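Small disclaimer: the values here were computed from a predicted structure and weren't measured.
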Amino acid sequence: MDVFLYILVILVVVVPIVIIVIDSKRLNPYRKEKAEFKQLAKELKAFSKKSRKSNTEKDIITQGIADGQKKRDIIFEAQKPEDDTYGYSKNNPICTSGIESSEKYLSRLRTLSGEAFTWKRNGSLTLENYCSLDYIIIDEYQLFLNNKPHKIIYICPYGHNSKYSPLGMQLISLETGLHMKENHLPRQENVNSLPSFNDVDNHALYSLAYRDAYNILKQSDLVHNIEFELLPILYVLVDYVGYVLKKRELSNDALNWISSAIDDFHYYKDEFNKRVDFYVEFIRGKVPFMNWSPVDAPKESLNDPLFRCVAAFGDVIYNPACIDNYDDAPLLINGIFDQFNFTNKIMKPTMKIFEQFVDLLNLKISKQN
């Protein structure tokens, strides 16, 4: 009887349970896979959090626009132009801001006697662990003098534009090679205080405007090429006054002043003409971006051709890449505080100087009629 009872219990209770378990496994064959998937998802989530945390710690150095700017700064500051190896060693390369800038640099490179080079890019090489950077790319150039191999120099196109030249060479540069002759720079004085306004010739007015603007602009580290960049903007302002007053000879007068005031002006003629054509576009109606300003200009100001022209001048001295491709020039990012300082302490006083210059020249020419 007891044996029969045990068998009955097994048949009624245990066997159904076993069948249920077996069926559940048969009906859900992916239970193990689901468990493994959940575990994998859990591990991926943990890895993702760790990865995001790691990226957050690194992004100041390795990600985004700020990273690229910081990398360029590091490469630029690592130059040793005072060293005899400057430009001649891959470990002490010349810095530029791009391949096109490298070509422009080479086009202004001269022997000490003033002879120009031709060149050929031999290719690129990689430096590892350069100034705390994992690697940088260096371009190797073969220089030729009178069609004969001369020197090999190394340029890194991922920094900022250098104004220095290798030993035994000179750079005919818009930044360093252009100088106003002293006899064309009158004493710093207010034009209104001169004994007789009619006794002030046009060239003196040009020189005063140049010097006043130069003294303002040189106070900012954000300004580029001021000695050269002031020349085409002043010429265009004079040309505009001549156009309005139907005194087209003023243009030639301003060009004569520039030619007589600048040593070896013919070296800069092409760049000068490029900028004149550039500013004329704004005189004719093109609207400037004014990337140097943290706020937009009032609409009434943008209706003034002279304001548009001088605002575009601000873009050029703030970001030199604007002159070659204004519409697609890379955005130059500075802090909002730097922008406000540049706008209020540099551009506003400079605009005032140009405005007074145009008014004085207009008044002087009008009185002569």
Side-chain angles (χ1 to χ4, degrees), residues 174 178-182 184-194 197 200-245 250-251 253-255 257-258 261-262 272 275-276 278-280 282-283 288 290-293 295 297-298 300-320 322 339-367:
L174 299 182
L178 181 142
H179 301 283
M180 298 290 288
K181 295 178 182 176
E182 284 302 317
H184 285 274
L185 289 176
R187 295 189 310 276
Q188 184 70 24
E189 54 193 341
N190 190 319
V191 174
N192 294 327
S193 67
L194 295 175
F197 179 66
V200 180
D201 65 13
N202 294 344
H203 288 198
L205 283 182
Y206 307 155
S207 297
L208 284 169
Y210 180 100
R211 169 166 277 184
D212 285 348
Y214 177 83
N215 285 339
I216 294 294
L217 294 168
K218 72 178 182 180
Q219 298 175 32
S220 173
D221 293 333
L222 300 180
V223 173
H224 300 268
N225 297 355
I226 53 175
E227 285 190 329
F228 175 76
E229 297 296 355
L230 277 169
L231 297 173
I233 185 65
L234 282 174
Y235 173 82
V236 171
L237 295 179
V238 173
D239 183 64
Y240 181 76
V241 172
Y243 172 78
V244 171
L245 298 179
L250 272 180
S251 301
D253 184 57
L255 195 57
W257 167 73
I258 292 171
I262 304 301
F272 177 87
R275 283 154 174 77
V276 170
F278 172 80
Y279 291 127
V280 167
F282 296 93
I283 292 288
M290 293 179 61
N291 287 331
W292 47 268
S293 175
V295 296
E300 57 271 20
S301 296
L302 292 174
N303 291 330
D304 181 354
L306 293 183
F307 178 89
R308 293 194 302 266
C309 185
V310 176
F313 166 75
D315 281 332
V316 170
I317 60 174
Y318 185 76
N319 182 7
C322 287
Q339 279 188 297
F340 271 110
N341 267 346
F342 185 82
T343 300
N344 293 320
K345 296 183 179 180
I346 303 299
M347 283 307 299
K348 283 186 177 179
T350 302
M351 284 181 160
K352 189 68 176 176
I353 289 169
F354 287 155
E355 181 184 340
Q356 291 174 344
F357 167 67
V358 168
D359 288 344
L360 287 170
L361 185 61
N362 197 331
L363 177 63
K364 185 175 187 302
I365 302 303
S366 298
K367 282 188 175 183

Between Glu229 and Gly314 (side chain of the first, backbone of the second, donor and acceptor by atom type, cut-off under 3.5 Å), is there such a pair? no
side-chain hydrogen bond (donor to acceptor under 3.5 Å, both in side chains) with Asn362: which residues, sequence neighbours excluded? Ser366
First locate atom OG1 of Thr350, then atom CG of Asp212, and finally report the distance between them rounded to the nearest 0.5 Å. 10.0 Å
Would you name the heavy atoms of Tyr279 and Val236 that are closest together and state the gap between them? CB-CG2, 3.9 Å
The criterion is salt bridge (charged side-chain N to carboxylate O under 4.0 Å, His left out); which residues satisfy it with Asp315, sequence neighbours excluded? none
Minimal heavy-atom distance between Asn344 and Pro349, with the atoms involved, is O-CD, 3.4 Å
Who passes ring-ring contact (aromatic ring centres under 6.0 Å, His included) against Phe354, sequence neighbours left out? Phe313
Here the pair of heavy atoms bringing Ala311 nearest to Pro288 is CB-CG, 3.7 Å
Could you tell me if the ring centre of Tyr235 sits under 6.0 Å from that of Phe272? yes
Give me the atom names and distance for the closest heavy-atom approach of Tyr210 to Glu227. OH-O, 2.9 Å
Nearest-0.5 Å distance that lies between atom CE in Met290 and atom OG in Ser301: 8.0 Å
Any idea which heavy atoms bring Leu205 and Lys364 closest together, and the distance? CD1-CD, 3.8 Å
In the structure I gave you, are the side-chain heavy atoms of Ser251 and Val238 within less than 4.5 Å of one another anywhere? no
Testing the basics here: between Leu306 and Ile283, what is the closest heavy-atom pair and its distance to 0.1 Å? CD2-CD1, 4.2 Å
When you compare the side chain of Leu208 with that of His203, does any pair of heavy atoms fall below 4.5 Å? no
Taken in chain and number order and not counting sequence neighbours, the residues that satisfy side-chain hydrogen bond (donor to acceptor under 3.5 Å, both in side chains) with Thr343 are none
Whether Arg308 side chain and Phe282 backbone form a donor-acceptor pair below 3.5 Å: yes
The criterion is side chain to side chain contact (heavy atoms under 4.5 Å, CB included); which residues satisfy it with Lys345, sequence neighbours excluded? Asn341
Residues that Tyr206 engages under side-chain hydrogen bond (donor to acceptor under 3.5 Å, both in side chains), provided they are two or more places apart: Asp253
